[in-house]
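Single-structure report; data block below.
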Amino acid sequence: MTYDVDAVRAQFPSLAAGTAHFDGPGGSQVPAAVADAVRAAMTSPLSVRGTVTDAERASDVIVREARRALADLVGASPSGTVFGRSMTQLTYDFARTLAKGWGPGDEVVVTRLDHDANVRPWVQAAEAVGARARFAAFDPRTGELTPDDVAAVLSPRTRLVAVTGASNLIGTRPDLKAIGALAHDGDALFAVDGVHLAAHAFVDIEEIGADLFTCSPYKFFGPHIGVLAARPELLEGLRPDKLLPSTDAVPERFEFGTLPYELLAGCTAAVDVIAGLVPSEGDRRTRIARSFAAAEAHEERLRTAVEDGLAALPGVTVHSRAGRRTPTLLVTFADRSAADAHHFLAGLGVNAPAGSFYAIEASRWLGLGDRGGLRVGLAPYSSDDDVARLLDGLDRFLRTA
């Protein structure tokens with residue numbers, strides 16, 4: 001399939017400003033179709049969901065369409081798709097709910113590779129009930145987190161294994177299917193943080209064996225909201241704290257307060273944009289798969305160009321080394337700070353931020369402390385010109401006293 005990056009870029013009004021965006025891992029740019037969907041929802045008659053008035057029915061349709069869209073994106077059931085304020089909030093909510101069934105002697109497994117939103121909620125929930133957390137470590141030389149690394153900290157008392165689908169710091173994509181099988185062999189739940197993965201790859205939560213899969217639409221063209229996908233039958237067995245008159249139905253049981261209907265409309269539009277990145281026929285799930293295949297090939301080509309360019313620059317260390325990874329590179333400099341590079345590039349209209357990006361365990365494990373490095377994140381709208389500007393900017397930065 002031909003990937004027309006110019007046609008993709010034309011859908012994003014913000015790109016007309018001329019900035020080269022390598023900050024997608026922190027939140028992507030937004031297509032006009034998503035903003036239009038949000039506006040249309042907010043300027044249409046809406047009310048609390050119901051079946052009596054037009055406004056009630058309109059809100060209900062928005063929610064149902066959003067559940068179907070996100071379910072199509074990750075291979076879930078709409079009735080197992082939960083919306084929340086953010087991935088972090090949803091993980092805290094589910095950690096507290098699941099911890100009701102844990103106690104002294106029980107364990108949860110988290111990793112040094114993960115964003116802290118898939119670490120601290122599980123650690124804190126376990127500690128609150130007298131259970132404990134065990135950390136699986138990755139190899140800082142290769143960036144790899146292997147199934148053996150996870151197996152080393154499993155025990156008969158493991159109740160949950162939490163692993164990232166892709167590191168938001170260095171891009172590493174662990175073997176989720178193998179790790180999920182290890183968790184299930186010990187009757188533990190498998191929780192996958194898919195925030196970074198879902199922005200770059202076709203996801204099938206059944207194939208990878210994820211019992212809980214979280215993602216954030218604002219990483220893949222949508223509004224700021226969080227999503228959790230799970231099997232409906234698993235959700236039926238969980239009893240969250242909730243208001244007495246609120247519904248006990250699944251998935252609404254886990255959604256506290258009135259949903260942001262306008263943002264859900266934007267989520268549906270974002271998934272439709274992904275499905276249309278390349279022209280194709282078929283149902284939405286099929287079109288999503290084709291679009292990701294083409295976008296991944298485009299991003300991989302650009303990633304190779306960035307890596308080749310960085311290799312030619314003096315004093316540059318690239319910490320993204322795993323064999324399978326997203327187009328996300330963490331870079332440090334021998335005699336210059338990543339924060340200075342961030343500021344220098346910004347002055348050239350190139351956005352590549354610096355920090356640890358809440359992957360604090362990973363940054364420390366790499367020996368970078370809390371400072372992290374310069375993160376270069378490619379996106380489906382990234383272009384060859386963007387890459388050339390980035391590499392030229394870094395060359396100029398390194399030559400500047």
Side-chain angles (χ1 to χ4, degrees), residues 37 41 46-51 56-87 89-98 100-101 160 165 180 184 189-195 197-198 202-217 220 222-223 225-243 245-272 274-275 283-289:
L46 292 179
S47 179
V48 174
R49 294 173 67 190
T51 60
E56 291 172 350
R57 288 192 292 271
S59 300
D60 191 62
V61 167
I62 286 174
V63 175
R64 293 180 186 278
E65 288 183 347
R67 291 203 205 282
R68 285 194 292 269
L70 271 299
D72 282 347
L73 185 73
V74 302
S77 166
S79 57
T81 303
V82 180
F83 294 109
R85 168 64 184 84
S86 65
M87 175 272 182
Q89 174 249 303
L90 284 167
T91 306
Y92 265 114
D93 288 344
F94 274 81
R96 285 188 288 261
T97 298
L98 286 166
K100 293 179 180 182
L160 177 135
H184 293 152
L189 291 176
F190 184 40
V192 175
D193 170 7
V195 170
L197 179 66
F202 182 67
V203 173
D204 188 328
I205 63 171
E206 287 193 13
E207 181 182 355
I208 63 179
D211 297 299
L212 304 172
F213 184 92
T214 47
C215 62
S216 301
F220 47 83
I225 194 170
V227 181
L228 181 143
R231 298 188 314 278
E233 58 270 27
L234 172 63
L235 297 181
E236 289 284 358
L238 301 180
R239 314 302 303 186
D241 294 328
K242 67 180 195 65
L243 303 181
S246 64
T247 180
D248 200 40
V250 167
E252 287 86 354
R253 180 189 299 174
F254 302 92
E255 295 168 339
F256 308 124
T258 303
L259 288 170
Y261 304 125
E262 68 281 2
L263 301 186
L264 296 188
C267 288
T268 301
V271 174
D272 286 336
I274 292 171
D283 61 28
R284 184 162 54 193
R285 178 84 173 147
T286 299
R287 290 182 287 118
I288 289 169

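With hydrogens and angles ignored, the 3.5 Å screen pairs no side-chain donor or acceptor of Ser216 with any backbone N or O of Val195. Side-chain atoms of Glu262 do not come within 3.5 Å of backbone N or O of Ala41 as any donor-acceptor pair. In this structure a side-chain-to-backbone donor-acceptor pair under 3.5 Å is missing from Asp211 to Ala191. Arg49 places no side-chain N or O within donor-acceptor distance of the main-chain N or O of Glu56, the cut-off being under 3.5 Å.
Just one of Ile225, Asp272, Leu73 meets the side-chain contact (heavy atoms from CB on, under 4.5 Å) condition when paired with Cys267; it is Ile225.
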Exercise. Please walk me through it: do Phe256 and Asp241 pass side-chain contact (heavy atoms from CB on, under 4.5 Å)?
Worked result: CA-CA 10 Å; Phe256 308 124; Asp241 294 328; over 6 Å; no
For this session: Start with the C-alpha gap between Leu238 and Phe254, add the side-chain angles, then the distance that decides, and say whether side-chain contact (heavy atoms from CB on, under 4.5 Å) holds.
Result: CA-CA 9 Å; Leu238 301 180; Phe254 302 92; 3.8 Å; yes
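Between Tyr261 and Leu46 the shortest heavy-atom distance is CB-CD1, 4.1 Å. Taking every heavy atom of both residues into account, Ala275 and Ile288 meet most closely at CB-CG1, 3.8 Å. Contact record, Pro232 with Ser77: CG-OG, 3.8 Å, taken as the closest heavy-atom pair. Nearest heavy-atom pair across Val203 and Arg285 is O-NH2, 2.8 Å. Across all non-hydrogen atoms, the minimal contact from Ala37 to Ala269 is CB-CB, 3.7 Å. When all heavy atoms of Lys100 and Arg239 are compared, the pair lying nearest together is NZ-O, 2.9 Å.
One distance of note links OG1 of Thr91 with CG of Leu212; it measures 8.5 Å at 0.5 Å rounding. If you take OG1 on Thr247 and NZ on Lys242, they are separated by 7.0 Å, rounding to the nearest 0.5 Å. Between atom CD of residue Glu233 and atom CD of residue Glu236 there is a gap of 9.0 Å, rounded to the nearest 0.5 Å. Rounding to the nearest 0.5 Å places CD1 of Ile274 at 11.5 Å from CZ of Phe202. If you take CZ on Phe213 and OG1 on Thr81, they are separated by 11.5 Å, rounding to the nearest 0.5 Å. From Leu234, atom CG reaches atom CZ of Phe94 across 8.0 Å, with rounding to the nearest 0.5 Å.
A salt bridge links Arg253 with Asp248: at least one charged nitrogen is closer than 4.0 Å to a carboxylate oxygen. Using a 4.0 Å cut-off between a side-chain N of Lys or Arg and a carboxylate O of Asp or Glu, Arg67 and Glu252 qualify as a salt bridge.
Counted within 6.0 Å of CG on Asp283, heavy atoms from surrounding residues, nucleotides or ligands total more than 12; the atom is thus considered enclosed. Under a cut-off of 6.0 angstrom, the local environment of CD in Glu206 is sparse, with at most 12 non-hydrogen atoms contributed by other residues, nucleotides or ligands.
Ring-plane geometry between His184 and Phe190 is classed as perpendicular, the angle between the planes exceeding 60 degrees on a 0 to 90 degree scale with a lower cut at 30.
Put simply, the side chain of Pro240 does not reach to within 4.5 Å of the side chain of Asp93, judged on heavy atoms.
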